[in-house]
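Heads up, the thing below is written out as structure tokens.
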Amino acid sequence: MYGLYGAPAEAFRAPYDQKVERLFDGHHTASDILRELPASSKELFTAEFLDLVRRPTGVLKARLRPLDTTCDWRPGVPVRIFHGNRDEDVPPSHAQHCFDQLTENGARHAVVGVGAHDHNASVREALPRVVDFFEDPSRVGQRPAGGSPTAEHTRTKASELSW
């Protein structure tokens, strides 16, 4: 699939290596796919493939390279990057990479840590703050869920990030 592996067993754990390509044939619904696959990437992918994704080389690195420029521009509006420091799907290092690119381009931006949350919990923590940001950009990060305003929830310098 896309030249990322020679055989499904190189990327997917059994028994998923026997079914994953069949599931993504364009004839299965999202519900069909979700029923057949595990809830976590650790259960779906081999440890070696996950390591490759975390530190890509070769074909995968070449295919991911265009994505590295996601934040390599200067938006005309303020930007907030939200992250949870226990997110294994999108590691906090991605927030650092984006922060650095935006900094180099002179963007108005900040990183907002949402705490010790995994990917899904990070989204739940960030959503109210995203809404707050659109309502009043000066308030972002000042209302942590269940708490009072604190500076630790809004980070505007890469050196303050908790990776």
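V112 and L127 fall into different hydrophobic clusters, where Ile, Leu, Val, Met, Phe, Trp and Tyr residues are linked whenever their side-chain heavy atoms come under 4.5 Å apart, directly or through other members. A single hydrophobic cluster is not seen to contain both V90 and F82; linkage of ILVMFWY side chains at heavy-atom distances under 4.5 Å, directly or through other members, places them apart.
Taking every heavy atom of both residues into account, V79 and L102 meet most closely at CG1-CD1, 4.0 Å. The shortest heavy-atom contact between K19 and E36 is NZ-OE1, 3.1 Å. Residues R124 and P128 share a closest heavy-atom pair of O-CD, 3.2 Å. Summarising the geometry of D17 relative to A9, their closest heavy-atom pair is OD2-CB, 3.5 Å, with the distance given to 0.1 Å. Counting all heavy atoms, side chain and backbone alike, H27 lies closest to D25 at N-OD1, 2.8 Å. Nearest heavy-atom pair, P78 versus F133, reported as atom, atom and distance to 0.1 Å: O-CZ, 3.5 Å.
C71 SG to H109 NE2: the interatomic distance, rounded to the nearest 0.5 Å, is 9.0 Å. We find the CD-CZ distance between Q96 and F99 to be 7.0 Å, quoted to the nearest 0.5 Å. Taking CG of N85 as the reference point, atom OG of S122 lies at 8.0 Å (rounded to 0.5 Å).
Partners of Q18 under the side-chain hydrogen bond (donor to acceptor under 3.5 Å, both in side chains) rule, at least two apart in sequence or in another chain, do not exist in this structure. Here R55 pairs with nothing under the side-chain hydrogen bond (donor to acceptor under 3.5 Å, both in side chains) rule; sequence neighbours left out.
Applying the salt bridge (Lys or Arg N to Asp or Glu O under 4.0 Å) test to residues at least two apart or on different chains, none of the pairs has a partner in residues 102-122. Sorted by first then second residue, the ring-ring contact (aromatic ring centres under 6.0 Å, His included) pairs that include residues 56-79, not counting sequence neighbours, number zero. For residues 86-96, the set of pairs meeting the salt bridge (Lys or Arg N to Asp or Glu O under 4.0 Å) definition, not counting sequence neighbours, comprises K42-E88.
Without hydrogens or angle criteria, D32 side chain to T29 main chain gives a donor-acceptor distance under 3.5 Å. In this structure a side-chain-to-backbone donor-acceptor pair under 3.5 Å is missing from H94 to P92.
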Practice problem: Check the pair R80 / V130 against side-chain contact (heavy atoms from CB on, under 4.5 Å), numbers first and verdict last. | Solution: CA-CA 8 Å; R80 295 298 175 264; V130 171; over 6 Å; no

Quiz item: Please walk me through it: do I33 and L37 pass side-chain contact (heavy atoms from CB on, under 4.5 Å)?
Solution: CA-CA 6 Å; I33 295 168; L37 297 181; 3.6 Å; yes

Return all side-chain donor-acceptor pairs below 3.5 angstrom for residues 43-54, not counting sequence neighbours, or 'none' if the list is empty.
{"residue": "E43", "atom": "OE2", "partner": "S40", "partner atom": "OG", "Å": "2.9"}
{"residue": "T46", "atom": "OG1", "partner": "E10", "partner atom": "O", "Å": "3.3"}
{"residue": "T46", "atom": "OG1", "partner": "F49", "partner atom": "N", "Å": "3.1"}

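Side-chain polar atoms of T70 and H97 form no donor-acceptor pair below 3.5 angstrom. Side-chain atoms of T103 and D100 include no donor-acceptor pair closer than 3.5 Å. Side-chain atoms of Q101 and N105 include no donor-acceptor pair closer than 3.5 Å.
When the shell of 6.0 Å around CZ of R74 is examined, it contains 12 or fewer heavy atoms from other residues, nucleotides or ligands.
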